[in-house]
Amino acid sequence: MASLSGLASALESYRGRDRLIRVLGYCCQLVGGVLVEQCPTRSEVGTRLLVVSTQLSHCRTILRLFDDLSMFVYTKQYGLGAQEEDAFVRLVSVLGNLADQLYYPCEHVAWAADARVLHVDSSRWWTLSTALWALSLLLGVARSLWMLLKLRQRLRSPTAPFTSPLPRGKRRAMEAQMQSEALSLLSNLADLANAVHWLPRGVLWAGRFPPWLVGLMGTISSILSMYQAARAGGQAEATTP
């Protein structure tokens with residue numbers, strides 16, 4: 001009952017529904033792709049699952065039509081990252097926010113072109129939005145790698161003379177942050193693999209992934225994202241008086 005209550009609570013929020021739709025969509029693509037390629041007797045079931053996956057992806061695209069304002073507010077609040085102590089983290093974060101901010105209107109134009117609301121070439125706008133998404137993911141990978149390097153150096157650096165070692169609580173917090181950055185890194189790498197696949201052919205491995213591999217990468221990223229969200233929610237509850 002507690003798990004059902006937690007699921008119902010998560011589905012009441014937009015982010016919670018989006019995470020669930022995302023993981024279901026990619027799982028359908030993974031299973032459907034495997035059935036189509038490896039199980040000829042069940043290829044019809046696999047095809048139906050791939051159709052479900054496509055429809056869930058369209059659902060998320062339409063829901064993202066309303067994300068521009070929240071992204072703008074976040075970008076404005078972050079600004080130039082004056083609160084960040086590290087200059088590299090500040091740079092990649094600002095560039096990542098800019099890429100995310102531009103991604104949404106590009107995707108909206110592509111969707112409107114496919115829906116014949118606008119008379120423009122949708123493929124160009126889909127390519128541009130995918131490239132912006134890939135850039136944002138690449139910046140996220142760079143940020144996580146940098147943070148992991150810095151945190152590892154701080155944890156493993158020899159204690160200088162006449163200085164006390166890190167308090168246990170601070171050390172645990174840094175280790176938890178390292179784990180969070182590692183999960184973000186893996187999630188972004190999985191999404192980046194798919195983003196490159198959806199770019200025009202000729203760009204690295206673009207267009208070479210079979211449906212099941214796209215589903216696998218997306219499922220890995222989605223599960224990691226859900227785990228991080230649940231973990232963050234649990235930590236928030238634990239710290240609430």
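In this chain, residues are counted from 1 in sequence order.
Considering all non-hydrogen atoms of both residues, A110 and W125 come closest at CB-CB, 3.7 Å. Minimum interatomic distance between M71 and N97 (heavy atoms only, all atoms of both residues): CE-O, 3.9 Å. For the residue pair A99 and L135, the shortest heavy atom distance occurs at CB-CD2, 4.2 Å. In this structure, Y104 and D68 approach most closely via the heavy-atom pair CB-OD2, 3.3 Å. Nearest heavy atom pair, residue L204 against residue V196, reads CB-CG1, 3.8 Å. L199 approaches T127 most closely through the heavy-atom pair CD2-O, 4.1 Å.
Linking Ile, Leu, Val, Met, Phe, Trp and Tyr whenever their side-chain heavy atoms come within less than 4.5 Å leaves L145 and L186 in two separate clusters. Residues Y103 and L118 share a hydrophobic cluster, clusters being chains of Ile/Leu/Val/Met/Phe/Trp/Tyr side chains in contact below 4.5 Å. Under the 4.5 Å side-chain heavy-atom criterion for grouping Ile, Leu, Val, Met, Phe, Trp and Tyr, V141 is connected to L148 within one hydrophobic cluster. In the hydrophobic clustering of this structure, V92 does not group with L132; members are Ile, Leu, Val, Met, Phe, Trp, Tyr whose side-chain heavy atoms approach within less than 4.5 Å, directly or through other members. Connection of L102 to L137 is established within a shared hydrophobic cluster, with ILVMFWY side chains joined at heavy-atom distances below 4.5 Å, either directly or through further cluster members.
Side-chain contact between E175 and Q179 is absent, with no heavy-atom pair separated by less than 4.5 Å. Annotation: side chain of E37 is in contact with side chain of W212 (closest heavy-atom distance under 4.5 Å). Counting heavy atoms from C-beta outward, V36 and P211 have side chains that stay 4.5 Å or more apart. Between L49 and Q29 there is no side-chain heavy-atom pair separated by less than 4.5 Å. In this structure the side chain of V120 reaches within 4.5 angstrom of the side chain of V109, judged on heavy atoms. For the pair K170/R154, a side-chain contact is recorded, criterion being any heavy-atom separation below 4.5 Å from C-beta on. Inter-residue side-chain proximity for Y78 and Q83 is flagged as met; some heavy-atom pair is nearer than 4.5 Å. Between T61 and E107 the shortest side-chain heavy-atom distance falls below 4.5 Å.
If you take CG on L149 and OG on S144, they are separated by 12.5 Å, rounding to the nearest 0.5 Å. How far CD of E84 is from CG of L91: 11.5 Å, rounded to the nearest 0.5 Å. The CG atom of L30 lies 9.5 Å from the CE atom of M217; values are rounded to the nearest 0.5 Å. Taking CD1 of I21 as the reference point, atom CG of L63 lies at 5.5 Å (rounded to 0.5 Å). Distance check: L138 CG to L192 CG gives 6.0 Å after rounding to the nearest 0.5 Å. Here the straight-line distance linking atom CZ of R22 with atom SG of C59 works out to 14.0 Å at 0.5 Å rounding.
Here the side chain of S43 pairs no donor or acceptor atom with the backbone of C39 at under 3.5 angstrom. Formation of a donor-acceptor pair under 3.5 Å by the S70 side chain with backbone atoms of D67 is found in this model. Checked by atom type and distance alone, the side chain of N194 pairs as donor or acceptor with a backbone atom of V214 at under 3.5 Å. Checking side-chain atoms of S187 against main-chain N and O of L183 turns up no donor-acceptor pair under 3.5 Å. Between the side chain of R19 and the backbone N or O of M226 there is no donor-acceptor pair closer than 3.5 Å. Without hydrogens or angle criteria, S180 side chain to A176 main chain gives no donor-acceptor distance under 3.5 Å. A side-chain donor-acceptor contact under 3.5 Å links S222 to the backbone of G218.
In the displayed structure, R152 atom CZ is contacted under 6.0 Å by at most 12 heavy atoms of other residues, nucleotides or ligands. At most 12 heavy atoms of other shown residues, nucleotides or ligands fall within 6.0 angstrom of atom CG in L80. The environment of CZ in R42 is sparse: at most 12 heavy-atom neighbours from other residues, nucleotides or ligands sit within 6.0 Å.
Between W198 and W133, the two ring planes are parallel [angle under 30°; tilted spans 30° to 60°].
A salt bridge links R143 and E181; the closest N-O separation between the charged side-chain nitrogens and carboxylate oxygens is under 4.0 Å.
Every residue two or more places apart in sequence or in another chain that forms a side-chain hydrogen bond (donor to acceptor under 3.5 Å, both in side chains) with W126 is listed here: D114. The side-chain hydrogen bond (donor to acceptor under 3.5 Å, both in side chains) test applied to R124 returns no partner, not counting sequence neighbours. In this structure H197 satisfies the ring pair (Phe, Tyr, Trp, His ring centres under 6.0 Å) test together with F209, sequence neighbours excluded. Residues passing the side-chain hydrogen bond (donor to acceptor under 3.5 Å, both in side chains) test with D100 are S136, sequence neighbours excluded.
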Could you walk me through whether R90 and E85 pass the side-chain contact (heavy atoms from CB on, under 4.5 Å) test, one step at a time? CA-CA 8 Å; R90 186 184 310 127; E85 297 180 0; 6.0 Å; no
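Pairs of residues two or more places apart, or lying in two chains, never qualify as ring-ring contact (aromatic ring centres under 6.0 Å, His included) while including a residue from residues 33-53. For residues 21-72, no pair satisfies ring-ring contact (aromatic ring centres under 6.0 Å, His included), with sequence neighbours left out.
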